A.B. asks: 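The structure follows.
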Amino acid sequence: DVVARYKMARGFNVLHPMGWDAFGMPAENAAMERGIHPSEWTYSYVAVMKAQLEPMGLSLDWSREFATCDPDYMAQQQALFLDFMEQDLVYRRSAMVNWDPVDMTVLANEQVIDGKGWRSGAQVERRELAQWFFRITDFAEDLLDSIDGLESWPDKVRLMQRNWIGKSRGIEIPFALEDAPEGFDAILCYSTRPDTLNGASFIAIAPDHPLSKALEGGSADLAAFNAECRKMDTTEEAFEKAEKKGFDTGLRVRHPIHPDRALPVWVGNFVLMDYGSGAVFGCPAHDQRDLDFARKYELPAPNAFFLPGDETPVGDEALVPPKTDTVIYSDHFAGIGEATSQDGIDRTIDWMEAKGLGQGQVKYRLRDWGASRQRYWGCPIPVVHCEACGIVPEKKENLPIALPMDVDFSKPGNPLDRHPTWRDCVCPACGGPAKRETDTMDTFVDSSWYFARFTAPKAETPTDPEAAAYWMNVDQYIGGVEHAILHLLYSRFFARAMAKCGHLTKANHEPFQALFTQGMVCHETYRDAAGRWLTPEEVERSSDGATALADGAAVEIGPSIKMSKSKKNVVAPEDIVARYGADTARWFVMSDSPPERDVEWTAAGAEAAHRFLQRVWRLMAEAELAPAGGSAPTDISQTAMDLRRATHRAIRDVTADIEGFAFNKAIARLYELAGALGKTGTEAGLGFARREALETLARLASPFVPHFAEELWSALQGEGLLTGAPWPQADATLLQEATIVLPVQVNGKRRAEIKVAADADAASVEAAALADEGVRKHLGEAGPRKVIVVPGRIVNVVV
RNA sequence: GCGGGCGUGGUGGAACUGGUAGACACGCGAGAUUUAGGUUCUCGUGCCGCAAGGCGUGGGGGUUCGAGUCCCUCCGCCCGCACCA
């Protein structure tokens, strides 16, 4: 908001959508307080905001922009989904999902909100279900390459996206099986380190690998082992500690380069079926995980390469030097001797491909986006299931497929599934009876394209190309780091997918020009002796501790963490606004910490912000001011001149600070300006300078405290609304000083300050420095050996 | 484990590309106003020291006339990813 208001003052057209998080929380709280049924929340967002805004004489036109709660947005999102189906950007397949029996209904349940069991893993089951997926992996390469162009994004986020996409170049190598069951003549292993193939000593396949499954029939032990492994992957902690376990199938494969070597085939609990081919060759000498496994099951660990000048065989630590380091390959089949690992990898892949021993492959960690949710809360997927025609897209004229209002939340699972009539519909293809899809879309879908929709929120199609071309792309996107990967990657995918459907253009492939990740508002946490969380209002906080207001008992103060309902460390925005006013809250949140960092909400800090705004108001009310619209008097006092200089310095510095997102520093400059103004006391003849300072203060503070600044402006009889006034310009002549103060160091320690003309040459500065009493005291008898003069900065005398 | 970041007063934090460390605010102390408390105003406040002075940006070392900033090393904290072959 600060950036948007600043940009408007600089004369830009600003389309400034509000995120729903900020409004969502109060709306959600209000809905709960009023006992609104969760099924109505989607609609109650709008209702609550209407109730809040209409008394202020504001219309709620922009309510249409709220994603799931807006039938129009829902219709267009469903239309978009249908277009994606047509372009083969979405598909349905069977997949294992975490099936969460806890639906939105539980949010209304006190216990769950208390943080005892909300989403605790225990309630989540793994089920195999038919799911809808977006083909985001089709864009993996482009999504990765384009990250280089996102120059105004934080490096951190760019790196996280790169890692998430996780590109790797490797090769698929078939290992010929001996005495294998029907249909299996080779195991295909994926490797990014084929240069270490000489060090291969075993093959490990995933428990879910087809071969492993096929062998289960003949071995009860293997079946039991596999069943054990499948159970494991549910809880994360178990995953972390899980030991590398294996099961020897008794099968053997031939080493592709050295057919005389037979390698044992193991099933390993650490091999993932959904990465690569679900099978790896184990190279213990150059992979720690393989080495642990080999030591446990007494498998050999031959080196494929050594460090130069050190041929010690591998011990308990795998030899994995950086890929840019030079190593000495030992007896490498492609004749590679001394080379970097990276070079060795590339040459090995080329050599093996040429010999027909494997197929070079580029793989990504990125998976297709599973967008199905078995929840009520969300935009229904607009397809129907027809016995005769199968899966049929709904007709666009029937959109939106809205959610029913009468739903039963008393049982776990998706309430749409058991709705008595909602599923019944007519097949758009054959006209026969059909059933609606009950999966709803991941809410990330809603946020993946709202910025495009907002450019024309009433268009009959998902976007109005003309409006999109005018407004897009987003110049400055601001959000929390928690969106660094999912939301921002999905949106980048959506922009490409929408371009493919003609809703955007190629110029919109990167929808967010610049990204800023802001911190969160945090607060201390409080717990009583019984371990119950207490809200800040229930606690009396003093400098040396805290007690409960209810009974005066001591309260344990916990760390300051992100405000959350479950920890009760929440100060509701309405309460802040009621107590201090919205501008005080805005001012405080901006003033204390740099915006990319978390800010600690403290009552004392808010009070201080409040006091400052009051002080500015008093300064205005009590000051003797020149009439509005006057021009600067030519002959003014030193005090007036100093104030004018301070004013124009503030313009320069605050402007630079806002441009650089250093809002806390901008606010510090405004404190300084107010301080300079206050210092002038009741001295007469400062009317113009005071008016200038106050008008400037109002203008510079307006992005932070828009209402307060507007009041100040009006009290100063400023012309029109402050919102329409241009951003002030610093007067260059007032930024220049005739004389400056320079620090003088002797041997690097500051010993004195000298006053010199701003444009004094080095020789005269040196002379002035050496003449200074404080400096001479430290010179000693030998006198200076060397004098360093950094113009405008510092003088250093070396003795 | 891999990748990234950070470490400055009692606290939140300033310090532009190596150039006066601690802006601004909170807190604390003293004083003024007030019947009192609060508000408001003034002054002080990195640490040690009566002072002169000395010491100070997680520890140690280095480069430099000069280091919070650059390099090496150790320690601590935070974030992201994680049996990724």
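So that the names make sense, note that chain A is the first sequence line, chain B the second, and so on, each numbered from 1. If you're wondering where the values come from, they're calculated on a predicted model, not measured in any experiment.
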A.B. asks: Between A:Asp642 and A:Thr639, does a side-chain hydrogen bond (donor to acceptor under 3.5 Å, both in side chains) hold up when you go through it step by step?
C.D. replies: CA-CA 5 Å; A:Asp642 288 347; A:Thr639 321; 6.0 Å; no
A.B. asks: Please list, pair by pair, any protein nitrogen or oxygen found under 3.5 Å from a nitrogen or oxygen in nucleotides 5-8 of chain B.
C.D. replies:
none

A.B. asks: Answer with base, sugar-phosphate or nothing: what part of the nucleic acid does A:Lys777 contact at a heavy-atom distance below 4.0 Å?
C.D. replies: sugar-phosphate
A.B. asks: Quick one: the dot-bracket string of RNA chain B, using Watson-Crick and G-U wobble pairs with both distances under 3.5 Å, [ ] for crossing pairs and | for bases paired to another strand.
C.D. replies: (((((((..(((......[....)))((((((.......))))))(((....)))..(((((..]....))))))))))))....
A.B. asks: Sort me out a list of protein N/O and nucleotides 38-45 of chain B N/O pairs below 3.5 Å, or just none if empty.
C.D. replies:
unit_1 : atom_1 : unit_2   : atom_2 : d
B:rU40 : O3'    : A:Arg618 : NH2    : 3.2
B:rC41 : OP1    : A:Arg615 : NE     : 3.0

A.B. asks: Kindly write out the residues that satisfy side-chain hydrogen bond (donor to acceptor under 3.5 Å, both in side chains) with A:Trp369, not counting sequence neighbours, or none if the list is empty.
C.D. replies: A:Asp442
A.B. asks: Taking any heavy-atom pair under 4.0 Å as a contact, classify A:Val481: base, sugar-phosphate, or nothing.
C.D. replies: nothing
A.B. asks: Identify whether any heavy atom of A:Arg751 sits under 4.0 Å from a base atom; if not, whether one sits that close to sugar-phosphate; answer base, sugar-phosphate or nothing.
C.D. replies: sugar-phosphate
A.B. asks: Could you state the atom-to-atom distance from CD of A:Gln288 to P of B:rC84 in whole Å?
C.D. replies: 12 Å
A.B. asks: Could you measure between the two P atoms, the one in B:rG18 and the one in B:rU69, and give it in whole Å?
C.D. replies: 11 Å
A.B. asks: Any side-chain donor paired with an acceptor under 3.5 Å for A:Thr680 and A:Arg690?
C.D. replies: yes
A.B. asks: Pairs of donor and acceptor atoms involving the side chains of residues 592-602 of chain A, under 3.5 Å and at least two apart or interchain, shall be tabulated with distances.
C.D. replies:
unit_1   : atom_1 : unit_2   : atom_2 : d
A:Asp598 : OD1    : A:Met520 : N      : 2.8
A:Glu600 : OE1    : A:Ser560 : OG     : 2.5
A:Thr602 : OG1    : A:Gly605 : N      : 3.0

A.B. asks: Below 3.5 Å is the cut-off: list the nitrogen or oxygen pairs between protein and nucleotides 19-21 of chain B, distance only.
C.D. replies:
unit_1 : atom_1 : unit_2   : atom_2 : d
B:rG19 : O2'    : A:Arg793 : NE     : 3.4
B:rU20 : O2     : A:Arg750 : NH1    : 3.4
B:rU20 : O2     : A:Glu753 : OE2    : 3.2
B:rU20 : N3     : A:Glu753 : OE2    : 3.2

A.B. asks: B:rA85, B:rG12, B:rG3: which one has an atom nearest the side-chain heavy atoms of A:Val280?
C.D. replies: B:rA85
A.B. asks: Whether A:Lys749 contacts B:rC55 is assessed here as follows: a side-chain N or O lying under 4.0 Å from the phosphate OP1 or OP2. Is that the case?
C.D. replies: yes
A.B. asks: For RNA chain B, whose closest nucleotide is more 5', that of A:Phe281 or that of A:Val599?
C.D. replies: A:Val599
A.B. asks: Under 3.5 Å, which N/O atoms of the protein pair with N/O atoms of nucleotides 78-80 of chain B?
C.D. replies:
unit_1 : atom_1 : unit_2   : atom_2 : d
B:rC79 : O2'    : A:Lys156 : NZ     : 3.4

A.B. asks: Quick check on contacts: within residues 665-674 of chain A, what sits under 4.0 Å from RNA chain B by heavy-atom distance?
C.D. replies: A:Lys665, A:Ala668, A:Arg669, A:Tyr671, A:Glu672
A.B. asks: Which parts of residues 187-203 of chain A get close to RNA chain B, meaning a heavy atom less than 4.0 angstrom away?
C.D. replies: A:Tyr190, A:Ser191, A:Thr192, A:Arg193
A.B. asks: Tell me every residue that passes side chain to side chain contact (heavy atoms under 4.5 Å, CB included) with A:Thr249, counting only those two or more places apart in sequence or in another chain.
C.D. replies: A:Leu215, A:Leu251, A:Val265, A:Val267
A.B. asks: Kindly say whether the aromatic ring centers of A:Phe305 and A:His286 come within a distance under 6.0 Å.
C.D. replies: yes
A.B. asks: Checking A:Thr192 now: which residues fulfil side chain to side chain contact (heavy atoms under 4.5 Å, CB included) with it, not counting sequence neighbours?
C.D. replies: A:Ser168, A:Tyr190
A.B. asks: Would you say that more than 12 heavy atoms from the other residues, nucleotides or ligands in this model lie under 6.0 Å from the CZ of A:Arg751, or not?
C.D. replies: yes
A.B. asks: For RNA chain B, which residues of residues 645-664 of chain A approach it to below 4.0 angstrom with any heavy atom?
C.D. replies: A:Asn664
A.B. asks: Classify the side chain of A:Lys244 and the base of B:rC83 as holding, or not holding, a donor-acceptor pair under 3.5 Å.
C.D. replies: yes
